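Encoded as structure tokens, the structure appears first; notes follow it.
Because the structure is a prediction, the values reported are computed rather than measured.
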Amino acid sequence: MHKDIRSAGRQSRKTAAINALLLAQMRHALKAPFYLRRIGLPTLSAAAAAKVFPNLPTTTKIDLVNHGLDFLAVPAAAIREWVTTSGTTGSPVHIALAERDLNRLAENEAAAFALAGIRRGDGVLIGVGMDRLFVAGLAYWLGAQRLGATCLRMGPAMADFQTLHQRPLKPGGRWFLIAVPSLLAAWCSRGLKLPRNLAAVICIGEPLRDASLSPNILSQSLMHCVSAPLLSTYATTETCTTLAQGPQCDGGHVNPHLGMVEILDAADQPCASGTPGRVVITPFKQDAMPLLRYDTGDIAALYRGVCPCGRQTPRLGPVLGRAAQLLKVQGVSTFASALADLARSFAATGEFLVHATSDALGADHVTVWIDSPRNKQPALRREFEHRARAMIKWVPELKFAAPHKISALRQQCLARKHAYFVDGRTALVPQK
Ligand SMILES: [Zn+2]
């Protein structure tokens with residue numbers, strides 16, 4: 001009985017703390033012309049905020065593109081960094097960071113690293129770029145510094161790992177590698193040797209599990225060359241809020257000090273635990289460009305209840321795809337990410353592409369381009385059809401081409417990331 005009361009007390013204190021952080025974020029957002037117009041009140045009491053928040057329309061990437069500077073809640077002179085999104089699904093979005101945002105970024109990533117098991121004195125190999133206005137490399141560096149880890153900023157050219165053993169660094173120490181899983185898989189297929197004492201790989205940007213929470217093909221291919229645990233992490237440039245996991249976790253934990261996550265259905269209503277919907281994030285303590293109910297465009301489920309690691313904070317499952325990259329073929333809805341996972345399992349050199357177009361009637365048509373030696377193509381086609389029916393319930397058109405031709409086709413997509421999906425449809429599926 002007493003234990004229950006104490007537990008309820010702890011729970012209500014937790015709820016109160018979350019509400020205070022949310023209220024502070026909403027009040028700060030009123031300094032930005034966009035939210036002042038949207039909320040329509042010059043100040044917010046706690047009671048008013050509690051009424052306003054659930055009915056506030058989500059903020060979308062299109063809002064950020066169309067009203068960029070109206071999101072600023074600080075004077076221009078307070079901005080320390082501009083970062084941009086990758087532009088994978090349209091125009092890149094520019095996000096301002098003030099000094100407090102950089103401190104928040106360090107706190108956010110240090111907490112995520114701690115969850116992954118990184119401790120002071122461990123080595124962190126940052127296998128993503130620090131340049132070109134990307135925020136990820138900067139965030140990992142700041143987080144590792146805050147935690148007291150030793151950084152090697154390798155960048156995406158992981159070939160440098162070959163020389164790691166020649167460096168007078170961390171003899172006998174533990175290494176953690178941060179990498180984009182598909183790039184790491186490509187390097188592994190070319191014979192990359194990973195450092196000894198690799199404690200875990202923190203995988204960013206791509207999911208490692210499918211809708212049934214089983215390891216996807218990308219994850220399976222990585223397991224052939226990486227014996228260390230593969231940990232997923234999820235974050236977006238706009239929200240700078242990481243959902244991270246440790247080796248025992250089932251999904252990425254929400255950090256309740258830095259944000260809240262909602263999963264909404266097509267009618268903007270909350271989805272039940274375990275039911276996929278649009279991932280909507282409200283970060284806390286954002287200074288330069290505070291966001292409220294930011295619709296990431298990603299589709300995933302939130303899981304409540306106790307995690308195998310013992311933590312009770314909600315966890316985000318794998319990103320099943322982007323709302324804008326949902327294809328409908330032969331009556332079946334399929335995310336481009338599932339098609340990429342299918343294609344990846346057949347790509348001899350790691351070069352492949354999923355190309356969506358519209359047919360004469362406006363219906364979605366999908367062509368999968370794969371590089372394969374001519375003498376292996378008939379058998380590969382049969383296996384492709386068999387596996388496609390099992391994985392996605394329909395068979396996309398399969399074409400073979402040399403790697404340089406697939407690369408040229410990829411150029412049609414102006415995304416800055418190494419894209420595996422080119423959307424050439426005349427009408428995109430709207431995000432909402
Ligand atoms: Zn956990």
*Trace of the side chain to side chain donor-acceptor pair (under 3.5 Å) decision for Ser182 with Glu206*: CA-CA 8 Å; Ser182 60; Glu206 293 160 340; 2.7 Å; yes
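- Relative ring orientation between Tyr35 and Phe71 is described as perpendicular, the plane-to-plane angle rising above 60° on a 0-90° scale split at 30° and 60°.
- In this structure, the side chain of His28 engages the main chain of Asp287 through a donor-acceptor pair within 3.5 Å.
- Residue Leu184 holds its CG atom at 6.0 Å from SG of Cys225, rounded to the nearest 0.5 Å.
- Taking CD1 of Ile263 as the reference point, atom CD of Gln269 lies at 14.0 Å (rounded to 0.5 Å).
- In this structure, the side chain of Asp341 engages the main chain of Ile217 through a donor-acceptor pair within 3.5 Å.
- No side-chain heavy atom of Val366 sits under 4.5 Å from any side-chain heavy atom of His355.
- Side chain of Thr59 to backbone of Leu292: a donor-acceptor contact under 3.5 angstrom is found.
- Side-chain contact check for Thr242 versus Asn255: every heavy-atom pair is 4.5 Å or farther apart.
- Across Leu291 and Gln286, no two heavy atoms sit closer than the pair N-OE1, 3.0 Å.
- Under the 4.5 Å side-chain criterion, counting only non-hydrogen atoms from C-beta, Val279 is in contact with Val261.
- Taking both residues in full, the closest heavy atoms of Gly68 and Met289 are given as O-CE, 3.8 Å, listed atom of the first, atom of the second, then distance.
- Checked against Glu238 for a side chain to side chain contact (heavy atoms under 4.5 Å, CB included), the options Val83, Thr296, Val135, Leu64 give a single hit: Leu64.
- With hydrogens and angles disregarded, a donor-acceptor distance shorter than 3.5 Å links the side chain of Asn55 to the backbone of Lys51.
- For Arg38, the CZ atom sits in a packed shell: over 12 heavy atoms of surrounding residues, nucleotides or ligands are nearer than 6.0 Å.
- Here the shortest heavy-atom pairing between Thr241 and Gly259 reads CG2-CA, 4.4 Å.
- Under the 4.5 Å side-chain criterion, counting only non-hydrogen atoms from C-beta, Val124 is not in contact with Trp141.
- Using a cutoff of 4.0 Å between basic side-chain nitrogens and carboxylate oxygens, Glu262 and Arg278 are not scored as salt-bridged.
- Arg37 CZ: more than 12 foreign heavy atoms inside a 6.0 Å radius.
- Tested against Glu383, the residues Arg381, Arg387, His386 include a single side-chain hydrogen bond (donor to acceptor under 3.5 Å, both in side chains) partner, Arg387.
- For the pair Thr282 (side chain) and Met260 (backbone), a donor-acceptor distance under 3.5 Å is absent.
- Judged by a 6.0 Å distance limit and a 45° cone about the ring axis, Arg322 is not positioned over the six-membered ring of Phe335.
- Of all heavy-atom pairs spanning Ile204 and Pro181, the tightest one is O-CD, 3.1 Å.
- A heavy-atom distance below 4.5 Å is found between the side chains of Ile126 and Cys151.
- The structure places CG of Leu258 at 10.0 Å from CG of Leu105, a figure rounded to the nearest 0.5 Å.
- Distance check, rounded to the nearest 0.5 Å: OH of Tyr140 to CG of Leu142 gives 12.0 Å.
- Arg146 has no carboxylate O lying under 4.0 Å from a charged side-chain N of Glu109, or vice versa, which leaves the two without a salt bridge.
- Of the listed residues (Phe400, Phe352, Phe346), just one forms a ring pair (Phe, Tyr, Trp, His ring centres under 6.0 Å) with Phe384, and that residue is Phe346.
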*Go through the steps for Val319 and Tyr234 under the test side chain to side chain contact (heavy atoms under 4.5 Å, CB included), then give the verdict.*
CA-CA 9 Å; Val319 171; Tyr234 173 85; 3.5 Å; yes
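- Asp63 is listed as a side-chain neighbour of Phe34, based on a closest heavy-atom distance under 4.5 Å.
- The two residues Leu97 and Cys240 make their nearest non-hydrogen contact at CD2-SG, 4.3 Å.
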_Working for side chain to side chain contact (heavy atoms under 4.5 Å, CB included), residues Val329 and His365_ = CA-CA 7 Å; Val329 180; His365 180 83; over 6 Å; no
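- A pairwise comparison of heavy atoms in Pro276 and Gly274 identifies CD-O, 3.7 Å as the closest pair.
- A donor-acceptor pair is defined here as one N or O able to donate and one able to accept, closer than 3.5 Å; no such pair exists between the side chain of Gln25 and the backbone of Pro290.
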*Is there a side chain to side chain contact (heavy atoms under 4.5 Å, CB included) between Glu397 and Val368 once you walk through the steps?*
CA-CA 6 Å; Glu397 183 181 9; Val368 172; over 6 Å; no
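- Asp122 places a side-chain N or O within donor-acceptor distance of the main-chain N or O of Arg119, the cut-off being under 3.5 Å.
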*Show the numbers, then the answer: is there a side chain to side chain donor-acceptor pair (under 3.5 Å) between Thr313 and His253?*
CA-CA 6 Å; Thr313 47; His253 284 274; 2.8 Å; yes
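- Looking at heavy atoms from C-beta onward, Leu302 lies out of side-chain contact with Ser273 at the 4.5 angstrom threshold.
- A donor-acceptor contact closer than 3.5 angstrom is absent between the side chains of Ser372 and Gln377.
- Rounded to the nearest 0.5 angstrom, Asn103 CG and Asn108 CG are separated by 12.0 Å.
- Between the side chain of Arg315 and the backbone N or O of Gln245 there is no donor-acceptor pair closer than 3.5 Å.
- The shortest side-chain heavy-atom distance between Leu56 and Ile39 falls under the 4.5 Å cut-off.
- Put simply, CG on Leu398 and CG on Leu342 are 9.0 Å apart, with the number rounded to the nearest 0.5 Å.
- The closest donor-acceptor contact from the side chain of Ser219 to the backbone of Arg209 lies at 3.5 Å or more, if one exists at all.
- Between the side chains of Asp295 and Thr60, no donor-acceptor pair is found at a separation under 3.5 Å.
- Between Arg104 and Asp101, no side-chain nitrogen of the basic residue sits less than 4.0 Å from a carboxylate oxygen of the acidic one, so the salt-bridge criterion is not met.
- In this structure a side-chain-to-backbone donor-acceptor pair under 3.5 Å is missing from Arg293 to Ile281.
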